[in-house]
Participant: 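Encoded as structure tokens, here's the structure I'll be asking about.
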There are 2 protein chains.
Amino acid sequence: MDTRTTLLDHAEMLARTRGFEAFSFADLATALDMRKASVHYHFSTKAALAQALIRRYRESFMARLALIDAPEADDRLRAYIALYRETLGSGDRLCLCVAFSCSRDSFDAAVGAEIHGFHRDSLNWLADVFALGQIDETLPNADPAGAAYACLALCEGAQIMARAAGEAHVFDRATAQILKG
Amino acid sequence: MDTRTTLLDHAEMLARTRGFEAFSFADLATALDMRKASVHYHFSTKAALAQALIRRYRESFMARLALIDAPEADDRLRAYIALYRETLGSGDRLCLCVAFSCSRDSFDAAVGAEIHGFHRDSLNWLADVFALGQIDETLPNADPAGAAYACLALCEGAQIMARAAGEAHVFDRATAQILKG
DNA sequence: GTCTATAGAGTGATAGAC
DNA sequence: GTCTATCACTCTATAGAC
């Protein structure tokens with residue numbers, strides 16, 4: 001594995017467990033047993049690291065969404081929730097997009113665009129699922145676009161609540177209502 | 001207004017707009033035109049400030065919840081969502097409990113207990129509303145405790161999404177689904 | 001690519017005068 | 001209660017040797 005990829009792996013996990021502002025180049029250097037200056041060789045600034053992180057994460061997440069091939073809408077939605085649940089780990093980490101969305105330090109425009117893109121892609125995917133659910137009658141009848149917003153907000157909020165409580169089952173409890181209508 | 005209260009007011013707004021770790025005693029000193037050491041006179045450590053902030057906010061929020069006196073469950077729920085919506089401002093701030101829940105720096109146990117208490121009190125209040133909604137038939141039939149978790153998660157997630165987008169109407173769009181069942 | 005060394009700015013916190 | 005002055009530490013980032 002090349003150094004750059006290993007740095008991204010460690011940085012992603014630190015951002016998801018502690019928050020992007022709560023880890024430093026020194027943390028990354030320690031993790032890879034190198035010096036801070038060497039980390040700067042791979043990512044000249046922390047803003048550049050942020051952009052590389054969120055871009056890679058978005059591409060990876062959307063690739064996994066594209067692999068969901070269940071024919072019925074309710075099963076597709078279950079797979080989506082399971083994917084979000086997986087990013088929560090044991091309640092000690094967040095989806096990187098949620099972690100970045102929580103972050104208050106104003107990222108630059110490029111990072112903001114990636115966060116927005118992540119949300120837009122997710123909303124489009126979910127709206128398609130809810131529209132299918134009307135047709136195959138496996139999901140409650142509702143405005144697909146509105147249901148998509150509610151579903152994404154619920155999943156993100158459930159992650160925050162679960163992480164604050166340190167108990168992953170809070171996520172399951174909150175998201176269980178999505179399929180019940 | 002005494003200095004301590006003014007400090008809490010400024011600190012609360014900074015925590016809700018920028019995040020608790022993203023403002024310093026120097027920011028507070030500047031805001032009140034005093035020196036850092038004077039801020040330390042009122043709050044010896046930043047942890048002490050955090051505890052005072054979340055305790056005051058929780059008491060204030062629950063007092064406002066207690067003032068909701070609509071007789072029917074759907075109107076009570078609408079008032080709750082409106083209260084949460086109000087804390088979002090124009091999309092530039094969060095409910096302090098959401099801001100603290102997002103925060104990754106491990107607060108001490110006292111702050112964690114306040115966050116947990118805020119969630120517990122909110123869930124109890126919401127479960128009572130959903131239970132009433134079954135009786136007066138103004139809300140969709142659902143397990144009240146489960147619906148409370150989903151409602152709180154949706155409101156918190158909708159705040160995060162709205163703040164990330166910088167557009168408050170995202171909150172309205174996501175929470176509009178709560179009353180539709 | 002990785003290193004040593006350093007710059008320059010920020011942080012929370014404390015001692016002690018007034 | 002507020003001040004000046006300072007401490008010890010961390011942070012991002014850069015210059016230049018190897």
Side-chain angles (χ1 to χ4, degrees), chain A residues 1-56 96 99-100 102-112, chain B residues 1-56 96 99-100 102-112:
Chain A
M1 186 107 74
D2 70 334
T3 305
R4 183 189 155 91
T5 303
T6 309
L7 280 170
L8 283 172
D9 290 343
H10 277 88
E12 179 184 318
M13 205 46 66
L14 285 168
R16 289 171 54 191
T17 52
R18 287 203 243 154
F20 184 74
E21 290 86 5
F23 76 88
S24 66
F25 276 51
D27 293 317
L28 290 177
T30 299
L32 273 76
D33 195 28
M34 50 167 40
R35 305 299 124 201
K36 288 190 295 177
S38 307
V39 180
H40 275 284
Y41 169 79
H42 295 279
F43 300 98
S44 59
T45 67
K46 215 182 173 193
L49 173 60
Q51 188 175 350
L53 272 181
I54 189 66
R55 167 162 294 179
R56 186 181 77 148
L96 185 67
F100 270 40
C102 282
S103 196
R104 220 44 58 69
D105 261 23
S106 46
F107 288 118
D108 58 26
V111 173
Chain B
M1 186 105 76
D2 69 335
T3 305
R4 184 189 154 91
T5 303
T6 309
L7 280 169
L8 283 172
D9 290 344
H10 277 88
E12 179 184 317
M13 206 46 68
L14 286 168
R16 289 171 55 192
T17 51
R18 287 202 244 153
F20 184 74
E21 291 86 3
F23 76 88
S24 66
F25 276 51
D27 293 317
L28 290 177
T30 300
L32 272 76
D33 195 28
M34 49 167 41
R35 304 299 127 203
K36 285 193 298 175
S38 307
V39 181
H40 276 284
Y41 169 81
H42 295 280
F43 301 99
S44 59
T45 66
K46 214 182 173 192
L49 173 60
Q51 188 175 348
L53 272 180
I54 188 67
R55 166 162 296 179
R56 186 181 78 147
L96 185 68
F100 270 39
C102 283
S103 195
R104 220 43 58 69
D105 262 22
S106 47
F107 288 119
D108 58 26
V111 173

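By convention in this document, chain letters (A, B, ...) are assigned in the order of the sequence lines, proteins followed by strands, and residues within each chain are numbered from 1.
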Participant: Rounding to a whole Å, what distance do you find between B:Phe23:CZ and C:dG12:C1'?
Facilitator: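 So the two atoms are 12 Å apart, to the nearest Å.
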Participant: Does A:Tyr41 place a side-chain N or O at less than 4.0 Å from the phosphate oxygens OP1/OP2 of C:dG1?
Facilitator: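 For A:Tyr41, the contact criterion (side-chain N or O under 4.0 Å from OP1 or OP2 of C:dG1) is met.
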Participant: Hey, does the side chain of A:Ser44 reach the backbone of A:His40 with a donor-acceptor pair shorter than 3.5 angstrom?
Facilitator: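 No, because the side chain of A:Ser44 does not come within donor-acceptor range (under 3.5 Å) of the backbone of A:His40.
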Participant: Rounded to whole angstroms, how far apart are CG on A:Leu32 and P on C:dT2?
Facilitator: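 Atom CG in A:Leu32 sits about 9 Å away from atom P in C:dT2.
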Participant: For B:Ser24, check side-chain hydrogen bond (donor to acceptor under 3.5 Å, both in side chains) against everything at least two apart and list the hits.
Facilitator: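 B:Ser24 satisfies side-chain hydrogen bond (donor to acceptor under 3.5 Å, both in side chains) with B:Asp27 only.
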Participant: Which part of the nucleic acid, if any, lies within reach of B:Ser24 when heavy atoms closer than 4.0 Å are counted: base, sugar-phosphate only, or nothing?
Facilitator: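 Sugar-phosphate, backbone atoms only, no base.
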Participant: Taking only residues two or more places apart in sequence, or in another chain, which ones meet B:Ala31 in a side-chain contact (heavy atoms from CB on, under 4.5 Å)?
Facilitator: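 If we apply the side-chain contact (heavy atoms from CB on, under 4.5 Å) test to B:Ala31, skipping adjacent residues, the hits are B:His10.
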Participant: Tell me, please, which residues at least two apart from B:Thr45 pass side-chain contact (heavy atoms from CB on, under 4.5 Å).
Facilitator: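 By the side-chain contact (heavy atoms from CB on, under 4.5 Å) rule, B:Thr45 matches B:Ala47, B:Ala48.
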Participant: Identify which one of B:Leu28, B:Leu7, B:Val39 satisfies the side-chain contact (heavy atoms from CB on, under 4.5 Å) criterion when paired with B:Leu49.
Facilitator: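 Of B:Leu28, B:Leu7, B:Val39, side-chain contact (heavy atoms from CB on, under 4.5 Å) with B:Leu49 is met by B:Leu28 alone.
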Participant: Restricting to ring-ring contact (aromatic ring centres under 6.0 Å, His included), what partner residues turn up for B:His42, sequence neighbours left out?
Facilitator: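 Result, ring-ring contact (aromatic ring centres under 6.0 Å, His included) vs B:His42: none returned.
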Participant: Whole-Å distance between C:dT2 C1' and A:Leu28 CG?
Facilitator: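 One finds 16 Å between C1' of C:dT2 and CG of A:Leu28, rounded.
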Participant: Please state how far atom CZ in B:Arg4 lies from atom P in D:dT2, giving the value in whole angstrom units.
Facilitator: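 After rounding, the reported distance stands at 13 Å.
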Participant: Starting the side chain at C-beta, find the nucleotide from D:dC3, D:dC11, C:dT2 nearest to A:Asp27.
Facilitator: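 In terms of side-chain proximity for A:Asp27, the closest of D:dC3, D:dC11, C:dT2 is D:dC11.
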Participant: In residues 11-20 of chain B, what donor-acceptor pairs under 3.5 Å come from side-chain atoms, sequence neighbours left out?
Facilitator:
unit_1, atom_1, unit_2, atom_2, d
B:Glu12, OE1, B:Arg56, NH2, 3.1
B:Glu12, OE2, B:Arg16, NH1, 3.0
B:Arg16, NE, B:Leu94, O, 2.6
B:Arg16, NH2, B:Thr87, O, 2.9
B:Thr17, OG1, B:Met13, O, 2.8
B:Thr17, OG1, B:Leu14, O, 3.4
B:Arg18, NH1, B:Ala22, O, 3.2

Participant: Once each nucleotide of nucleotides 13-18 of chain D is scored for protein heavy atoms under 4.0 Å, what B/S/- sequence comes out, 5' to 3'?
Facilitator: BBB---
Participant: Which whole-number value in Å describes the distance from B:Glu21 CD to C:dG12 C1'?
Facilitator: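 After rounding, the gap between these two atoms is 13 Å.
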Participant: In whole Å, I'd like the distance from the CZ atom of B:Phe20 to the P atom of C:dT11.
Facilitator: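 Checked: the CZ to P distance equals 13 Å.
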Participant: Specify the separation, in whole Å, of atom CE of A:Met34 and atom P of C:dT2.
Facilitator: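 Those two atoms, CE and P, are 4 Å apart.
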Participant: Rounded off to whole Å, could you give me the CG-to-P distance for the A:Asp33 and C:dG1 pair?
Facilitator: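 Going from A:Asp33 (CG) to C:dG1 (P), I get 18 Å.
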